[in-house]
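The analysis underlying the following values was restricted to heavy atoms, covering all of them including side chains, and did not include hydrogens, waters or symmetry mates. Numbers restart at 1 for each chain; the letters A, B, ... are given by sequence-line order, proteins then strands.
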Protein chains: 2
Amino acid sequence: MDLPPLAQQFVLHFGEMGSRWGINRTVGQIYALLYISPRPLCADDVVEALGVSRSNVSMGLRELQGWNLVVPRHVADDRRDHFTTPGDVWQILRTLAEERKKREVDPTLSVLRELLMQTPGSDEDRFAQARMAEMHGLIEQLTTWYDDIRRLETERLVSLLAMGARVTKFLDIKDKVVTFGRGRSPRKA
Amino acid sequence: MDLPPLAQQFVLHFGEMGSRWGINRTVGQIYALLYISPRPLCADDVVEALGVSRSNVSMGLRELQGWNLVVPRHVADDRRDHFTTPGDVWQILRTLAEERKKREVDPTLSVLRELLMQTPGSDEDRFAQARMAEMHGLIEQLTTWYDDIRRLETERLVSLLAMGARVTKFLDIKDKVVTFGRGRSPRKA
DNA sequence: CTGTAGTTTCAGAAAATACTGAAATATCCG
DNA sequence: CGGATATTTCAGTATTTTCTGAAACTACAG
């Protein structure tokens, strides 16, 4: 690997973190490389930059495309496919959330649903099913919330984040507003 | 493995998902088993239920304790350690978020900080650093937000989730309130 | 149709990870 | 302390995952 120092450290870090993120080292490195590259790179550029085999790069790029974290981009006067990461980090975050949900949460949700449909044949199973119901309820609440906020434009999402826990203040206000609406004597909030 | 049908399916599913969640099959199964068990189990119970080696269970339990997803619990008249998962699913969610952040996000955040301190030695590095700054900004916003809401009691967290994207309505209200505060003539909202 | 440049597939090698049984260690009780 | 029970460590084995080079495939230009 022969990259400028900062780039190299970044790429190596992503390689190491790869395993914790459920991807392998090469895939992590390819992503990092494309992320900090000022222009789209072709597979051979990646081979050269990372010093791994051509076929490994091919597989890595395929996997990253499967995650929608890397997109092909045509470059004038070159038959070869070139690749970039989407530029907007907020978009990347959405993609990541979406894909992780799809891989890590959805399968479990559907298994839980199936198991909750079945009739328990023993006390153990009855208890187990109750626990599964709790887990199912939690996941369902989370995914409903996620489905809701994923549609927000970035700007709104950012202000929501910036508010943080302070939004709960408005929950209080809401309670008061509701009270007013029920005919109690209003007074200034 | 010899468990009641529902329990068994649940345990097997967690074993399969393990790899996607960054844990191995046995660890996933142990967790699932403890989660649906009506009483704390000792290591030998787990060996018996899952049909894996004693030492494997020992390592798995150790790992799960490292994640704070399993806690030892004493059982009367038995010298052996017994283990449970915390009962409250919301607490489990918090723990999971906390641990995943610690393992998957924090190391990258600190590497990014380091790399942003360094002086770029080339145009490539200058560009790379700009991209790293974007990523750093995003992660920092997310972790700030997370630090904020992780402290909420469950009840408030739940209502926040239930509100979903509707909280943004209050952002509009807030704008109005600010406007009022600046001396424009107030009228009922 | 043929040659060329580019890409993907795939079987096996290499590396990493998970699992086991045996031995070592720790803990408790009398 | 000595013996019994419970737990952990660890070296070796098995399994899984990753990576490679060679071959197969594809698309296009001449």
Side-chain angles (χ1 to χ4, degrees), chain A residues 1 11-12 14-34 40-67 69-84 103-104, chain B residues 1 11-12 14-34 40-67 69-84 103-104:
Chain A
M1 191 185 307
V11 167
L12 289 177
F14 267 62
E16 279 166 26
M17 291 300 284
S19 51
R20 302 200 191 180
W21 297 333
I23 59 179
N24 66 43
R25 194 179 60 234
T26 309
V27 172
Q29 291 185 350
I30 294 174
Y31 180 79
L33 179 66
L34 293 177
L41 300 181
C42 70
D44 290 319
D45 294 334
V46 177
V47 168
E48 158 133 36
L50 302 182
V52 296
S53 76
R54 186 51 235 273
S55 50
N56 200 359
V57 169
S58 179
M59 286 172 162
L61 285 170
R62 161 176 297 277
E63 178 169 353
L64 285 166
Q65 284 173 276
W67 279 82
L69 285 173
V70 157
V71 293
R73 169 82 72 75
H74 257 308
V75 161
D77 295 334
D78 198 332
R79 263 176 61 189
R80 296 172 299 182
D81 273 346
H82 286 62
F83 301 90
T84 351
R103 284 155 225 256
E104 300 183 6
Chain B
M1 191 183 309
V11 166
L12 289 177
F14 267 61
E16 280 165 26
M17 292 300 284
S19 52
R20 302 201 191 181
W21 297 334
I23 59 178
N24 66 43
R25 192 178 62 236
T26 310
V27 172
Q29 291 185 349
I30 295 174
Y31 180 78
L33 179 66
L34 293 177
L41 301 181
C42 72
D44 290 319
D45 295 334
V46 177
V47 168
E48 159 132 39
L50 302 182
V52 296
S53 76
R54 182 55 233 273
S55 50
N56 200 1
V57 169
S58 178
M59 286 170 164
L61 285 170
R62 162 178 297 277
E63 178 169 353
L64 285 166
Q65 284 174 275
W67 279 83
L69 284 173
V70 157
V71 293
R73 169 84 71 77
H74 258 307
V75 161
D77 295 333
D78 198 333
R79 263 178 61 193
R80 296 173 299 181
D81 272 346
H82 288 61
F83 301 91
T84 352
R103 283 155 227 255
E104 301 183 6

| N/O (side chain, A:Asn56) to phosphate O (OP1/OP2, D:dT18) under 4.0 Å | no

| field | A:Ile30 CD1 to C:dT7 P, straight-line distance once rounded to whole Å | value | 13 Å

| Rounded to whole angstroms, how far apart are CG on B:Asp81 and P on D:dT5? | 17 Å

| Given C:dG6, is OP1 or OP2 found less than 4.0 Å from the side-chain N or O atoms of A:Arg79? | no

| query | Using a cut-off of less than 4.0 Å, is there contact between a side-chain N or O of A:Arg25 and OP1 or OP2 of C:dA15? | reply | no

| Which of the following nucleotides, D:dT20, C:dT20, C:dT7, is nearest to the side chain of A:Arg54? | C:dT7

| remark: Regarding the side chain of B:Val52, the nearest nucleotide among D:dC19, C:dC19, C:dT20 is C:dT20

| field | Out of C:dC19, D:dC19, D:dT9, whichever nucleotide has its closest atom nearest the side chain of B:Ser58 | value | D:dT9

| field | B:Gln29 CD to C:dC19 P, straight-line distance once rounded to whole Å | value | 9 Å

| request: Check the distance between C:dA16's P and A:Arg20's CZ and give it to me in whole angstrom. | output: 16 Å

| note | Residues B:Val70 and B:Leu61: closest non-hydrogen pair is CG1-CD2, 4.3 Å

| request: Report yes or no: does A:Asp45 contribute a side-chain atom to a donor-acceptor pair with the main-chain N or O of A:Cys42 at less than 3.5 Å? | output: yes

| remark: B:Gly28 and B:Phe14 have their tightest heavy-atom pair at O-CB, 3.5 Å

| task | Output yes when at least one side-chain N/O atom of B:Arg62 is less than 4.0 Å from OP1 or OP2 of D:dT9, else no. | result | yes

| said: From CG of B:Leu50 over to C1' of C:dA18, roughly how many Å is that when rounded to an integer? | reply: 15 Å

| task | Return the value, rounded to whole Å, for the distance between atom CG of B:Asp77 and atom C1' of C:dC29. | result | 15 Å

| For atom CD of B:Glu63 and atom P of D:dT8, their distance in whole Å | 14 Å

| task | Ignoring hydrogens and angles, tell me if any N or O in the side chain of B:Arg20 forms a donor-acceptor pair with the backbone of A:Arg103 under 3.5 Å. | result | yes

| D:dT7, C:dT9, C:dT20: which one has an atom nearest the side-chain heavy atoms of B:Ser55? | C:dT20

| request: Enter the distance from A:Ile30:CD1 to A:Ile23:CD1 here, rounded to the nearest 0.5 Å. | output: 9.5 Å

| field | B:Asn24 side chain near C:dC19 phosphate (N/O to OP1/OP2, under 4.0 Å) | value | yes

| query | Start at the 5' end of DNA chain C and walk down; is the nucleotide closest to B:Ile23 or to A:Asp78 reached first? | reply | A:Asp78

| note | To the nearest angstrom, the CZ-P distance between B:Arg80 and D:dT8 comes to 14 Å

| message | Can you work out whether B:Asp44 or B:Met59 has the more 5'-proximal nearest nucleotide on DNA chain D? | response | B:Asp44

| task | For B:Ser19, answer base if it contacts any base atom (sugar-phosphate contacts may also be present), sugar-phosphate if it contacts only those atoms, and nothing otherwise; contact means non-hydrogen atoms under 4.0 Å. | result | nothing

